[in-house]
Each structure stands twice: as C-alpha cells, then as structure tokens.
2 protein chains.
Amino acid sequence: MHPVIQHLKNYYPLNPTAENMLTERLASITFSKNDFLLKKGRVCQHFYFLEKGALRGFYELDGKEITHWFGFENNFITSFHSYITGQPSIENIQFLEDSTVWAISKKELTELFDAFHEIERLVRIIYEQYYMQLEERYVNAQFKTAAELYTDLIHRAPHILQRVPLGQISSYLGITQETLSRIRKQHAQ
Amino acid sequence: MHPVIQHLKNYYPLNPTAENMLTERLASITFSKNDFLLKKGRVCQHFYFLEKGALRGFYELDGKEITHWFGFENNFITSFHSYITGQPSIENIQFLEDSTVWAISKKELTELFDAFHEIERLVRIIYEQYYMQLEERYVNAQFKTAAELYTDLIHRAPHILQRVPLGQISSYLGITQETLSRIRKQHAQ
DNA sequence: AGCTGTTTTTGATATTTATCAAATTATCGG
DNA sequence: CCGATAATTTGATAAATATCAAAAACAGCT
C-alpha cells in the first residue's frame with residue numbers, strides 16, 4: 001500500500017476511490033543530504049509527506065541560521081505560511097539526510113477537497129494534531145529554562161540528537177550553541 | 001444576520017440550509033467580568049465564538065498565573081487541547097470584561113461536519129489561520145528580545161494594552177511584570 | 001596515520017532578565 | 001473626597017544566558 005495512504009489510516013479511514021485519486025496525484029521525489037526542498041523567496045505550492053529521511057525549516061536572522069522545526073519520517077511537510085497565503089516563503093527547507101518525499105500540489109489537493117469530503121476531513125484532523133503540537137512547543141519554549149528544554153527533548157525525541165548537528169538543535173531550543181554545550185556537560189555528570 | 005454567520009462569511013460562503021442548521025445550534029451566553037468560561041480539570045466540550053468582550057487563557061505554574069493567549073471580539077475560542085483530545089483542561093479561560101459568547105457543542109459541530117462539507121471546510125480554513133498566527137507568535141517569542149516583543153505588541157494589537165492588566169501582558173510576553181514595567185519606561189522616553 | 005575543514009567545548013566577560021522588597025500610583029465603593 | 005485594595009514602578013542584587021575568542025575533538029579523505 002502507498003506509504004501516504006498507510007499513514008493517513010492512523011487519522012481517518014478513506015474509501016478506495018479517494019485512496020486511488022490521492023495515490024495518482026502523489027509524486028515521489030528523492031533528495032540528497034543538504035538539498036533544499038524550498039528556498040526563501042519562493043512560493044511553496046506543494047504539500048509534502050516525508051517517507052524517509054530528515055529535514056529542517058530555518059530562516060536567517062542577523063546572518064545566523066535559526067532552525068525552528070525538524071521533520072522526520074511520516075511527517076507532513078510544507079512551508080505553512082507560504083502554502084496558505086501564496087506569499088513568498090521567508091524560511092528555507094533543507095534536507096539533513098538523503099530523503100524520499102511524496103508531493104501533491106495545492107491545486108490538486110484543493111480539487112480533491114471538493115471531490116472527497118473525507119480528504120478535507122483528514123487534513124482538518126491533521127491540522128488539529130499539528131496545532132496541538134505547536135501549542136505545546138510554544139508554551140514549553142516560553143516558560144521553561146534551557147536545561148529543561150534539553151531534557152524534555154531527550155525524552156520526547158532522542159533521535160533528533162543523533163541525527164542533527166548541535167548548532168541546529170540549539171537554535172531550535174532558542175539558545176546558543178555554547179549554552180547547549182554547557183548544559184550537556186552538566187547533564188552528563 | 002447572526003453574528004457568527006456574519007463572521008464566517010469572511011472565510012467561506014455558506015448555503016442557507018447550512019446557515020440555518022448552524023444558527024439553530026448556537027446558544028448565546030452572557031458572562032460577567034472575572035467569570036470563568038472553563039476551569040482547569042474540566043473537559044472543554046464546546047467551541048465558542050466571542051461576540052463581545054475579552055478573555056484570556058492561563059494556567060498556573062509555581063503558584064503564578066501564566067496567561068498564554070487573549071481573545072477578543074470575533075475570535076473563536078476553545079481550550080484546544082482539551083476540546084480535541086477530550087482530556088481535562090490544564091488551562092483556565094476567564095473573562096476580562098462582561099462578555100457575550102455563542103457556543104456549540106463538539107457533538108453538534110461534529111454532526112454538522114457530516115451533514116455539511118462546507119462547515120467542515122470552514123473549520124479547516126479557520127484552523128489554518130490560527131495555526132499561522134501561532135506559528136508567527138512562536139517564532140517571535142523565541143527569537144526576539146523582551147523590548148522587541150513589547151513594541152511588536154503595540155503595533156500589532158494596541159487594544160490589548162488598554163484592556164488587559166500589565167501582569168497578564170507580561171506573562172503573555174514571557175517576561176516578568178517588573179521587566180515589562182522597565183521596558184515601558186524606556187519606551188516612553 | 002596524517003592532513004584539513006568542520007563541529008563542539010572551554011574560558012572570560014558582558015548583557016539581559018529574574019527575584020525580592022519596598023514605595024508609589026491608580027481604582028473603586030461609600 | 002477618603003480610605004482600602006489592587007496595580008504598577010523603582011531599587012538592589014542574583015541568576016541565566018549571550019558574546020567573543022580560542023582550544024580541542026571529530027570526520028572525511030588520501
């Protein structure tokens with residue numbers, strides 16, 4: 001079965017016709033480590049599903065790269081603001097590993113919404129899940145100390161630490177690389 | 001016309017039957033300043049629309065109240081995590097002013113999703129808008145200084161400063177009341 | 001193994017923000 | 001207008017984190 005369909009079954013059942021229509025419109029693309037899925041200034045016109053690999057969203061501030069999210073296997077990916085508004089993206093999306101993604105254009109997905117109520121329902125449900133995750137991350141980021149954020153990350157997503165360089169993790173946590181390095185040292189003792 | 005229907009027209013058109021079904025299921029409730037729309041520990045089983053007034057979502061941490069969002073006229077309101085998961089809420093929702101809200105139960109709204117594809121579409125679109133707002137707030141909160149957050153707030157939502165006590169604004173910005181007070185002093189000069 | 005460029009750690013210091021305590025100012029009912 | 005209560009500001013100090021510079025550790029390549 002198609003990996004996207006497989007994953008969607010976790011959220012809501014699809015009838016076979018909808019499955020087929022969706023499958024037909026999903027295109028597989030492979031990327032190498034350090035490739036860009038999206039560069040800032042470009043409009044993000046696709047919704048993606050990451051089958052294999054890892055990527056990050058980052059933007060540039062005062063010449064520094066600020067990674068504000070990571071994506072791994074079985075995550076839906078897009079540059080949300082750009083995708084929704086049709087404005088040029090201010091963020092870049094870059095692969096951290098050799099990866100495989102499935103892509104569907106906004107136009108095609110929107111047409112599927114019209115044709116299949118249940119596909120729009122799936123997206124509604126996925127938005128709910130992602131909103132909850134972001135809300136939790138927001139509250140944590142704002143009200144926890146750097147050390148707490150690090151231990152949370154270890155428990156919540158230890159694979160990130162294995163697969164991502166430290167400088168990207170530190171900006172994800174909203175701290176400098178030096179501070180993260182010192183926190184780790186504390187933590188190890 | 002019903003104020004909720006009126007507002008929904010900003011997002012997507014509704015047919016008259018859907019309008020009627022929705023209107024019939026919306027109940028108007030008035031509250032006084034300091035009343036609670038939801039107390040922590042209770043499950044949030046309604047989706048609300050704030051017609052008039054103001055409220056805040058807050059939770060308690062180390063004996064302190066942390067306000068993490070505000071709602072004003074024409075905002076949709078719910079304790080999102082509790083509403084979606086059916087788990088007891090960890091946040092409280094309290095009115096900052098005498099207010100009027102419209103309420104629909106999760107059960108009734110879910111039934112309307114089945115009956116009217118376009119109502120589910122509306123909610124999907126509203127989620128997109130709220131996700132974008134949260135995403136922007138997340139990035140700002142994490143990577144801007146306290147002074148920048150304050151000046152942003154002045155430009156983005158000056159009404160908050162008129163209608164909300166300082167201690168609540170400071171926790172919303174993720175800083176202490178004293179720090180906010182000092183920032184304002186700087187800013188005024 | 002040795003070279004090279006990159007990533008991570010360490011050290012010294014500066015800056016930002018929090019904390020605690022007290023003083024001042026604003027608000028509201030009588 | 002007065003007094004009580006709450007909200008905001010001010011001051012002194014402590015804690016957390018950033019910054020800048022350099023050293024150490026690591027990774028890929030030959």
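Just so it is clear: chains get the letters A, B, ... in the order the sequence lines come, proteins before strands, and each one is counted from 1. These numbers were taken from a predicted model, which means no experiment stands behind them.
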side-chain N/O A:Lys185 vs C:dT9 OP1/OP2, d < 4.0 Å
no
Kindly say if B:Arg182 contacts the phosphate of D:dT10, meaning a side-chain N or O under 4.0 Å from OP1 or OP2. no
Think B:Ser181 has a side-chain N or O under 4.0 angstrom from the OP1 or OP2 of D:dT8? no
Taking D:dA18, C:dT19, C:dA18 as options, the one with an atom nearest any side-chain atom of A:Ile175 is D:dA18
Can you give the donor-acceptor pairs under 3.5 Å from side chains of residues 3-10 of chain B to other protein atoms, not counting sequence neighbours?
| unit_1 | atom_1 | unit_2 | atom_2 | d |
| --- | --- | --- | --- | --- |
| B:His7 | NE2 | B:Asn74 | O | 3.3 |
| B:Lys9 | NZ | B:Glu19 | OE2 | 2.9 |
| B:Asn10 | ND2 | B:His7 | O | 3.2 |

Sorted by chain and residue number, the side chain to side chain donor-acceptor pair (under 3.5 Å) partners of B:Lys107 (sequence neighbours excluded) come out as B:Glu111
Rounded to whole Å, CG of A:Leu173 lies from C1' of D:dT17 at a distance of 13 Å
Notebook entry, point to check: Salt bridge check: are B:Arg137 and B:Asp152 linked by an N-O gap of less than 4.0 Å?
Noted result: no
Under 4.0 angstrom between B:Thr176 side-chain N/O and C:dA18 OP1 or OP2:
yes
* Give the ring-plane orientation class for B:His187 versus B:Tyr150, where under 30° counts as parallel, over 60° as perpendicular and anything between as tilted. => perpendicular
From CD of A:Glu178 across to P of C:dT9 the rounded distance in Å is 11 Å
Here the residues of residues 138-150 of chain A within 4.0 Å heavy-atom distance, strictly under, of DNA chain C are none
So, A:Thr67 side chain and A:Trp69 main chain: donor-acceptor pair closer than 3.5 Å or not? no
note: A:Leu166, atom CG; D:dC26, atom C1'; distance rounded to Å ~ 13 Å
Heavy-atom nearest nucleotide on DNA chain C taken for B:Lys33 and for B:Gly174; more 5' hit belongs to B:Gly174
